[in-house]
Number of protein chains: 2
Amino acid sequence: MKKVDLAACPVCSKLDINDEEAFLDDLKCTIKAYGKNELIIRQGDVCDALYMLTQGSVKTEMITENGNILGIEIIKAPRPLAPAFVFSDNNHFPVDVTALEEVEIMKIPKTEIMRLMMTNPDFMSSFMTHNANRTQFLTNRLQLLSIKTIKGKLAHFLFENSQGEGKPFEINRNQTELADFFGVARPSLARSLSEMVQEGLISINKKEYIILNSKGLRELLV
Amino acid sequence: MKKVDLAACPVCSKLDINDEEAFLDDLKCTIKAYGKNELIIRQGDVCDALYMLTQGSVKTEMITENGNILGIEIIKAPRPLAPAFVFSDNNHFPVDVTALEEVEIMKIPKTEIMRLMMTNPDFMSSFMTHNANRTQFLTNRLQLLSIKTIKGKLAHFLFENSQGEGKPFEINRNQTELADFFGVARPSLARSLSEMVQEGLISINKKEYIILNSKGLRELLV
DNA sequence: ATTAAAGTGTAACAGTTGTTACACTATTGA
DNA sequence: TCAATAGTGTAACAACTGTTACACTTTAAT
């Protein structure tokens, strides 16, 4: 079995690394590989186990009832996928999960997770914290979506990623992906971006952005 | 101390009821009362304890950066408030919490929660499930917000609450609250509602709604 | 019963976003 | 190097929503 970097995983980081092999040997789980662009999990699938992404990276996206795509996030190994849903009463996945490259998924039964939490306080604590952080992530998405104007969303998003006025920073999404992330149409996003550049609020060079006028940018949030 | 209906609380329901008194006696916690319309928790407050709503009801709402209000939900006792955030790395409350009537809040330190989870597997399981359900709730909110048209949101919302075509059902929110819930302007919501009534899709009498044409209503989601 | 407050219906207009279409540039693989 | 593909810039118009304003109805309180 390929070695997994347990220490890098948010829910396993506190495990005693010396026990790692024993830990993995004891664990009853199955591993499955997926190719690039393959659909790993479909929105609505029953979630009866913990899906741990051990190799590669995936994207998650929510398909709304009117067929639009709402980008959620990009996840890199090692990290669990939607861990909270293993325990929910209505245990269905809320998103589509698609492989961005060659991917390996470890599927750990719910009973095993329960056993780990019982016997391993550190695992339990990490698991709780990770789920709490996921909730916070969703809350942030909610906040972003609730900003009504595209420029407002952009301002919020740019402030979140910037280190300060004048300092260049990278956004590793293209316009189409950004538009999906915001839940808006691509040409509308492009229009807002070019207007903000014309107004001297920001500058854009490929995927490198600079905030030129944070005061003016902040006014878009008012 | 006023008796609390532990069995009705989602995270305590599996506790042995015979131990209830001992459970509450052992628990190191403080209780505080709030009056109607009093602000109990402010968005951004540090969350270093579990806030358990033991009496009354509250509403939670998110204030966006542009000052708009996004209604989240109405919570009735007994239920914990934002339990997941006790364990998050950035443990700040994501919402304002306001008392809708006379309210009592039990504040349980994080260390006590940890102890309960360690010593009481049923509590742990309930706590996990409850947090998972909360995540699912947020996901649903996200899905609702990501529907772009007001009529689409309404259709989604009405289907969610209806028992079927022709069967009346109650919506216990007025138009202003519904508009906040959807994150739209009140007159815009009223316009959409009256158009949907005129088109024969639904009927409205005070807070009683009926879906008259579910086929037509479903088309608003496409 | 009367008054104040809350909630609803509606209109006109401004503003923002979506849609569609097409030209152009950049990137990638053969 | 070339061709194919992906990504970007932009325009015109339609569609939808927000804003503001005001009349009206219902509810709650005194």
Notebook entry, point to check: Is any side-chain heavy atom of B:Pro94 less than 4.5 Å from a side-chain heavy atom of A:Gln136?
Noted result: no

Next item on the list: State which of D:dT10, D:dG9, D:dG18 makes the closest approach to the side chain of A:Gln175.
Entry: D:dG9

Note to self: As a test of reading the structure: which of C:dT17, D:dT17, C:dT19 is closest to the side chain of A:Ala185, going by heavy atoms?
What the structure shows: C:dT19

Checklist line | Whole angstrom value for the distance that separates P of C:dT8 from CG of B:Leu178 | finding: 9 Å

Check: What is the distance, rounded to the nearest whole Å, between atom CD of A:Gln198 and atom C1' of D:dT10?
Finding: 11 Å

Next item on the list: Give the rounded distance in Å between these two atoms: CG of B:Leu193 and P of C:dT8.
Entry: 10 Å

Margin query: Nearest heavy atom decides the nucleotide; on that basis, is B:Lys207 or B:Arg191 closer to the 5' end of DNA chain C?
Written below: B:Lys207

Notebook entry, point to check: Could you state the CD1-C1' distance from B:Ile150 to D:dA15, rounded to the nearest angstrom?
Noted result: 13 Å

Notebook entry, point to check: Checking all strands, does A:Ser188 fall into the base, sugar-phosphate, or nothing category for heavy-atom contacts under 4.0 angstrom?
Noted result: base

Notebook entry, point to check: Nearest-Å distance, CD (A:Glu195) to C1' (D:dA11)?
Noted result: 13 Å

Next item on the list: Measure the spacing between CZ of A:Phe87 and OG1 of B:Thr129 and express it to the nearest 0.5 Å.
Entry: 7.0 Å

Check: How close do B:Ala49 and B:Pro109 get, heavy atom to heavy atom, and via which atoms?
Finding: CB-CA, 4.0 Å

Next item on the list: Return the value, rounded to whole Å, for the distance between atom CD1 of B:Ile147 and atom C1' of D:dC16.
Entry: 16 Å

Next item on the list: Check every atom of C:dT10, C:dG7, C:dT19 against the side chain of A:Pro187 and return the nucleotide holding the closest atom.
Entry: C:dT19

Next item on the list: Please examine the side chains of B:Gln55 and B:Glu102, heavy atoms only from C-beta on, and report whether any two atoms are closer than 4.5 Å.
Entry: no

Notebook entry, point to check: Side chain of A:Arg186, base of C:dG18: donor and acceptor closer than 3.5 Å?
Noted result: no

Notebook entry, point to check: Over how many whole Å does the gap from B:Lys151 atom NZ to D:dA15 atom P extend?
Noted result: 13 Å

Notebook entry, point to check: B:Lys206 side chain: which of C:dT8, C:dT10, D:dT27 is closest?
Noted result: D:dT27

Check: Considering the options B:Arg79, B:Arg173, B:Lys59, which one meets the salt bridge (Lys or Arg N to Asp or Glu O under 4.0 Å) requirement together with B:Glu73?
Finding: B:Arg79

Check: Given atom CG of B:Asn174 and atom C1' of C:dG9, what is their separation to the nearest angstrom?
Finding: 14 Å

